[in-house]
Amino acid sequence: MRSFKDQTIKTKLVVIITFAGIISLVAGLVTYLVFDMLSIKQEMKKNAILNANLVAQYSVVPLLFDYKDEARDVLAKLDAIPSVLDACIFNANNEIFASYHRNPDEKYSFQQNSKTKNGYSKGFLYIYHPVNYEGKNFGTLFFRISAAAVNEKLVNNLLVMVILILILIFPVIIIANRLQKVISSPVLKLAELTASISQNQDFTIQLEAQGNDEVGILYNQFNKMLSQLLKWKNERDHAEKELIFNSDHLEELVKMRTAELEREKENAQSADKLKSAFLATMSHELRTPLNSIIGFTGILMQEHPGPLNSEQKKQLGMAQQSARHLLSLINDILDISKIEAGQLQMNIHTFNLPDLINKVSETMNPFAEKKNLRLITSINTDIQDITSDKLRIQQILLNLVNNAIKFTESGSVSIECSDSDQSFTVRIIDTGIGIEEKQMDNLFKPFSQIDTGLSRKHEGSGLGLSICKKLLELLNGSIEVESESGKGSTFTVKFPISN
Amino acid sequence: MKIQIIEDNIQNMYMLTYLLESHDYTVIQSFTGKDGIEKARSEMPDAILLDIQLPEMDGYAVARALRAIEGLKRIPIIAVTSYAMTGDKEKAFESGATGYIEKPIDPDTFITQMKTYL
């Protein structure tokens with residue numbers, strides 16, 4: 001069974017009101033009963049005294065003249081008053097003069113004692129009345145009266161009270177039920193509303209104003225709270241909307257920006273294509289006249305059209321050299337442009353690396369000899385065949401060896417070849433001018449031939465090392481340089497045995 | 001042996017003609033692709049040196065057209081071109097060329113190079 005605490009507020013109120021109603025009803029009835037009983041007892045005593053007074057008047061003569069029979073007759077008249085059980089007359093000497101017993105079987109023994117005060121005791125009323133005549137006392141009259149009527153009346157009254165309570169409890173409950181609504185219904189309404197608000201998130205509802213009691217105050221506070229919540233909710237909704245708007249807008253912005261970037265990318269790509277096409281055309285346009293320059297100088301130097309004197313041959317040779325240099329410049333520019341446009345494709349196949357290195361050495365040897373340099377080649381590897389782009393590897397090595405010879409005035413240029421961990425390492429070591437530290441950083445960037453003062457002496461596009469680096473990147477290799485200014489440089493090239 | 005040269009540059013044409021004639025070849029000259037196709041049909045050369053970068057009709061188109069002519073289906077067509085962009089060589093072979101010589105040509109080795117394709 002649920003404890004009182006867990007009962008609904010309605011039940012609690014009904015119980016409280018009913019309980020209070022019954023308590024006051026009982027209190028009222030008990031008070032009435034007590035007063036009723038007291039007044040009955042008072043009345044009974046008064047009647048008894050009146051009767052005693054009457055009997056006392058009749059008893060004066062028999063006492064005065066000592067007529068005991070006469071006295072007995074007087075007392076026998078008490079038969080008419082059923083409540084008087086026993087009676088007796090004491091003479092002035094306190095001796096029993098005459099007595100009366102309603103029930104002869106239960107004879108009450110009269111005792112004359114000093115106690116002469118009228119009163120109730122143990123369900124009986126005792127009356128002591130003096131028998132006086134002309135201010136002179138002749139004796140005392142005594143009554144013993146049954147108080148059963150009082151008890152009967154009490155029982156009757158109690159019964160009436162219980163019946164009354166039983167009858168009244170229903171209207172009390174009905175009234176309590178009505179009355180509890182005054183308090184419980186606004187509370188219940190509040191509870192219902194709170195539930196519906198928390199469910200529907202609708203803060204626009206306001207409670208109807210109540211009186212100025214605690215419930216009224218509660219309602220006012222609740223309305224204030226609702227207004228505050230509504231304000232907050234509106235603020236939050238507003239912020240949320242703004243946020244959604246911003247995020248939508250952001251998406252749009254991102255889309256716009258992406259589209260812009262895509263357009264730019266497309267433009268850049270088409271620019272790249274234009275650049276490539278331009279380079280192809282330029283290359284052709286530049287090569288076409290160069291073709292006939294190189295061709296005709298070659299034919300002339302073969303002395304097909306006729307014999308040449310030594311000066312003519314020398315000058316033609318210089319023209320041919322310049323033409324070839326121009327060609328290498330054009331090739332370099334085309335190479336770097338193609339690499340940067342991502343159009344250079346590697347032509348991968350298997351070839352013999354020591355053979356290639358020997359070929360490079362043979363090709364470059366005449367140039368070294370011309371400057372009285374020793375070109376030393378040492379191949380310290382058992383690996384013969386590698387898979388890579390032969391022409392590009394050759395191009396890289398030729399470039400590096402050519403550079404080494406170009407920047408070395410005395411001593412030697414060494415090509416050292418070794419392998420480790422599935423990759424080849426080729427070192428080109430010279431005893432040349434070396435590279436200053438501040439020039440190291442820019443060494444592999446396009447158009448950055450070291451020392452502008454030397455560039456007149458050492459011709460070249462300044463693209464060679466940059467091309468080497470980019471080609472090696474395409475071949476999954478690398479290039480590094482160590483150098484000490486004035487003592488020489490070492491270029492270390494690494495590339496995988498198999499690509 | 002009759003060799004046709006299709007080349008738009010007058011200097012290059014002169015140089016190639018000089019080289020071939022000095023090695024006792026008979027030369028047929030064409031300065032455009034269109035003329036090249038017409039002359040090839042009428043003269044039936046033994047081999048053709050074909051420049052790729054030609055005005056109007058490029059070398060690839062010329063090569064395809066030449067291969068369509070009865071009697072020219074098996075003769076050597078050698079593309080002579082500046083090695084410019086990746087894929088030029090492959091494109092030339094796809095179009096019907098059987099040889100490829102890079103420009104600028106080297107007069108010392110050109111004839112030897114050409115002979116390997118004949």
Side-chain angles (χ1 to χ4, degrees), chain A residues 272-306 316-317 319-320 322-335 337-339 341-348 389 391-392 395 471 474, chain B residues 5-25 27 29 31-33 49-60 78-94 100-114:
Chain A
D272 256 0
K273 276 181 193 162
L274 281 174
K275 187 181 157 196
S276 299
F278 171 76
L279 282 168
T281 313
M282 274 303 287
S283 163
H284 173 248
E285 295 304 326
L286 290 171
R287 277 159 198 253
T288 303
L290 206 53
N291 189 43
S292 54
I293 293 168
I294 292 168
F296 283 123
T297 45
I299 291 164
L300 284 172
M301 282 178 83
Q302 279 175 354
E303 296 182 303
H304 264 295
L316 269 176
Q320 193 181 43
S322 293
R324 286 203 170 122
H325 182 215
L326 186 58
L327 181 66
S328 82
L329 288 178
I330 292 167
N331 285 342
D332 278 359
I333 291 168
L334 191 67
D335 265 356
S337 304
K338 279 197 284 187
I339 290 167
Q343 285 188 338
L344 197 71
Q345 282 167 7
M346 294 293 105
N347 188 10
I348 306 292
D389 189 320
L391 285 176
R392 292 300 175 184
Q395 185 184 350
L471 286 176
L474 289 170
Chain B
I5 305 170
I6 307 173
E7 162 71 76
D8 63 321
N9 183 279
I10 193 160
Q11 287 83 14
N12 281 337
M13 177 65 94
Y14 184 84
M15 184 183 66
L16 287 171
T17 307
Y18 183 88
L19 266 177
L20 290 177
E21 280 176 351
S22 60
H23 284 86
D24 299 323
Y25 290 102
V27 173
Q29 291 186 332
F31 286 92
T32 66
L49 292 178
L50 176 63
D51 183 20
I52 296 297
Q53 285 88 5
L54 290 169
E56 289 169 28
M57 190 180 189
D58 72 16
Y60 306 120
I78 302 152
V80 182
T81 179
S82 335
Y83 169 69
M85 305 311 275
T86 316
D88 283 359
K89 197 171 172 178
E90 288 75 14
K91 241 170 127 180
F93 282 121
E94 272 168 33
Y100 185 89
I101 296 171
E102 260 177 46
K103 274 187 194 172
I105 58 149
D106 184 345
D108 296 343
T109 58
F110 181 76
I111 299 297
T112 325
Q113 254 180 303
M114 188 189 75

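Quick note on labels: first sequence line is chain A, next is B, and so on, each numbered from 1.
To the nearest 0.5 Å, the span separating CZ on Arg324(A) from CG on Asp106(B) amounts to 5.5 Å. To the nearest 0.5 Å, atoms NE2 (His304(A)) and CG (Leu19(B)) are separated by 7.0 Å. In this structure, the separation between OG1 on Thr288(A) and CD1 on Ile10(B) is 14.0 Å, given to the nearest 0.5 Å. Atom-to-atom distance recorded for Met15(B):CE and Ile293(A):CD1 is 10.5 Å, nearest 0.5 angstrom.
In terms of heavy-atom pairs under 4.5 angstrom with chain B, the leader among Ile294(A), Asn347(A), Ile330(A), Ile299(A) is Ile299(A).
Tyr18(B) places none of its side-chain heavy atoms less than 4.5 Å from the side chain of Phe296(A).
Of all non-hydrogen atoms in Pro107(B) and Gly295(A), the two that sit nearest each other are CG-O, 3.1 Å. Nearest heavy atoms, Arg287(A) versus Pro104(B): NH1-CD, 4.5 Å.
Residues passing the side chain to side chain donor-acceptor pair (under 3.5 Å) test with Asn12(B) are Asn291(A), sequence neighbours excluded. Thr17(B) meets the side-chain contact (heavy atoms from CB on, under 4.5 Å) test with Ile5(B), Met13(B), Glu21(B), Val27(B), Gln29(B); sequence neighbours excluded.
Heavy atoms of Pro289(A) lying under 4.5 Å from chain B are absent altogether.
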